[in-house]
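Computed from a prediction, not measured in an experiment: that's the story for all the values here. Below, read A as the first sequence line, B as the second, and so on, with proteins coming before strands; counting in each chain starts at 1.
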2 protein chains.
Amino acid sequence: MNSRKRQVMVAAHALFVEKGYAATSIQDILDASHISKGTFYNYFSSKSELLINILEDIKTETKKQRLSVLSGRQASDLIGFSDQLVITMEVNKRNNLFILFQGVFASEEEELKQLVKRHYLEELKWIQSRIIELYGKKVKPYSLDLSLIFLGSVQQMIHLFMVTKSESIELKEIIAYGLRRMDGTIADVQSSEDILVGEWFFDKCFPEIALSKEHKRKNILERINVMQQGASPKQKELLGFLQNEIKVTKPRAAVIEAVLGVIDGREDLADLVIDYLHE
Amino acid sequence: MNSRKRQVMVAAHALFVEKGYAATSIQDILDASHISKGTFYNYFSSKSELLINILEDIKTETKKQRLSVLSGRQASDLIGFSDQLVITMEVNKRNNLFILFQGVFASEEEELKQLVKRHYLEELKWIQSRIIELYGKKVKPYSLDLSLIFLGSVQQMIHLFMVTKSESIELKEIIAYGLRRMDGTIADVQSSEDILVGEWFFDKCFPEIALSKEHKRKNILERINVMQQGASPKQKELLGFLQNEIKVTKPRAAVIEAVLGVIDGREDLADLVIDYLHE
DNA sequence: TACTATTTGTACTGCATGTACAATTTCATC
DNA sequence: GATGAAATTGTACATGCAGTACAAATAGTA
């Protein structure tokens, strides 16, 4: 990316984190990044568009880190999930995203609001899919409820600690506590068969956010990429085959299932692929 | 209150709910309430002070409604708690408080931020004390954790429905679901003796928010007031005695306990009073 | 009616976003 | 090193907002 543009984004990012979005005027950004107003409006049509750029940067950075945490581990590894959550929350904290999002949500910039909304729904969807991967298909009917309870609890706790400026408790502990509660809650909702939102909420209300076929495929390919890191040549060959076959218009389901049968740590992948093929 | 001031507050309140705080300019308020700028600044030193006035109105209104819901019922009545929560959340929704608070939190008005912070901590504290009343002293060590989980889950669900503009689920259902989960969670944390925040968090971090002696006394007097509605003359006499005795510098504990022994629905009150006397 | 308090209208300051554009600098290419 | 296109700058300008100041008009009251 253009170095001037990057320069502005870095300076603005720092200012937003330090003083907040609303409190940072464009003049502040011009001063901090040593550029003129004209140049600024060459690259960004407004302060809010600048923020959109920054947020998208953060988003892709988070996604990358989350995937790298998982490399070499199974998708059904609880520690892996916990680490992913810690990383996510740390990024949020480091970038003051809680405050930033709150400000955006109350602002009048429609585009920004949409971005934050979409980001929220995607994060929720991600937690939901990870919960299914971790706890198995039996929790599927309760997966969205569980996600809401988990995310809500954790965020509420973080919020309390931020409000009281209390540094005594670590993100890691909060998330670990939330995950411990998850076990109890799963047993609870399963035994009572108690459902509030239902697993298909997204598909009904927001088809564009729901895991579309493309979305699922991308997911699978990403997962395969992660699995390939450090795999044996034989495993790599199998994974490579899957990668190509998935992309084909009419994947040969029987062959794929056979290949899946001899892949190490296939369980999570198999679930995803079978779900994908059967749609 | 001065009718002009009220007139401004009503108009501004409507505008804030409709368009949001940030999006409402003072000029909008002047137009809507048909007053001049001069008059506005006679009554309020700024837009944020106006909002503070409105929020305080809403707060006292909520408190009043919450108490009236409880009249004629025991404090340990789960339905009563549920109704109180529904009322609270309905007020929040009607006044767009979620959005309003978010905006405030991201703004630069220190006084407003403090108000919202305090309000949040007080609400949390209220939920905590109600949970103890409802589920007994045995949940005390877990009461703050439970409050955070409950409030977080419910808010997260409401947030999801607001973001997706889905009207299909009622506040009442959400709260009922949250309370059903509470039972499971209580069993869970009790059997594992798992504590994250600890019951004394407020006392350690925020002594001014914690239930001070005065605060507790006020609480008891309010509760007695509620109990007096519709009570028999005899009961009223007993309650009236308590009301006076509590206010005294050195309340006669033995007498109070004797009187408590013959009051209908004394259990909750007795807990509060004994806790108050033993401090 | 006369006195007082409230209310109004208007004009002003200061700061913010955003536009327009001519003047200047930078930089690759010849 | 000269040249021309592209990037960058500085400046002036339009607009809208919060908040101040104050003289003039109005309403309420005794």
In this structure, how many angstroms lie between the P atom of D:dG16 and the CD1 atom of B:I29, rounded? 18 Å
Can you tell me the distance, in whole Å, between the CD atom of B:Q27 and the P atom of D:dT15? 17 Å
Closest non-hydrogen atom pair between A:G240 and A:Q228, with its separation: N-NE2, 3.6 Å
Using whole Å, report how far CZ of B:F44 lies from P of C:dT7. 12 Å
Does A:K37 reach a base, just sugar-phosphate, or nothing at all? Heavy atoms under 4.0 Å. base
Would a 4.5 Å heavy-atom cut-off, applied to side chains only, mark A:D145 and B:Y177 as touching? yes
What is the distance, rounded to the nearest whole Å, between atom CG of A:N42 and atom P of D:dT9? 9 Å
Please report, rounded to the nearest Å, how far the P atom of C:dA16 is from the CZ atom of A:F40. 14 Å
Can you tell me if B:Y43 touches the phosphate of C:dT7, counting only side-chain N or O atoms and a distance under 4.0 Å to OP1 or OP2? yes
Nearest to side-chain heavy atoms of B:S25, which nucleotide of C:dT7, D:dT20, D:dC17: D:dC17
The side chain of A:K47 lies closest to which of these nucleotides: D:dA18, C:dT17, C:dG9? C:dT17
Roughly how many Å is it from CD1 in A:I26 to P in C:dT17, rounded to a whole number? 5 Å
Quick check on C:dT6: is either OP1 or OP2 less than 4.0 Å from any side-chain nitrogen or oxygen of B:R4? no
Is B:T39 close enough to C:dT7 that one of its side-chain N or O atoms is under 4.0 Å from OP1 or OP2 there? no
Is the shortest side-chain N to carboxylate O distance from B:E122 to B:K59 below 4.0 Å? yes
How many whole angstroms separate atom CD of A:E49 from atom C1' of C:dT17? 15 Å
If each of B:Y41 and B:G38 is mapped to the nucleotide of DNA chain D with the nearest heavy atom, which maps nearer the 5' terminus, i.e. the 5' end? B:Y41
Indicate yes or no: does B:D28 engage B:K19 in a salt bridge with an N to O separation below 4.0 Å. yes
Between B:D31 (CG) and C:dT8 (C1'), how many Å, whole number? 14 Å
If you draw the axis of the six-membered ring of B:Y21, does the NZ or CZ of B:K47 fall within 45° of it and under 6.0 Å from the ring centre? yes
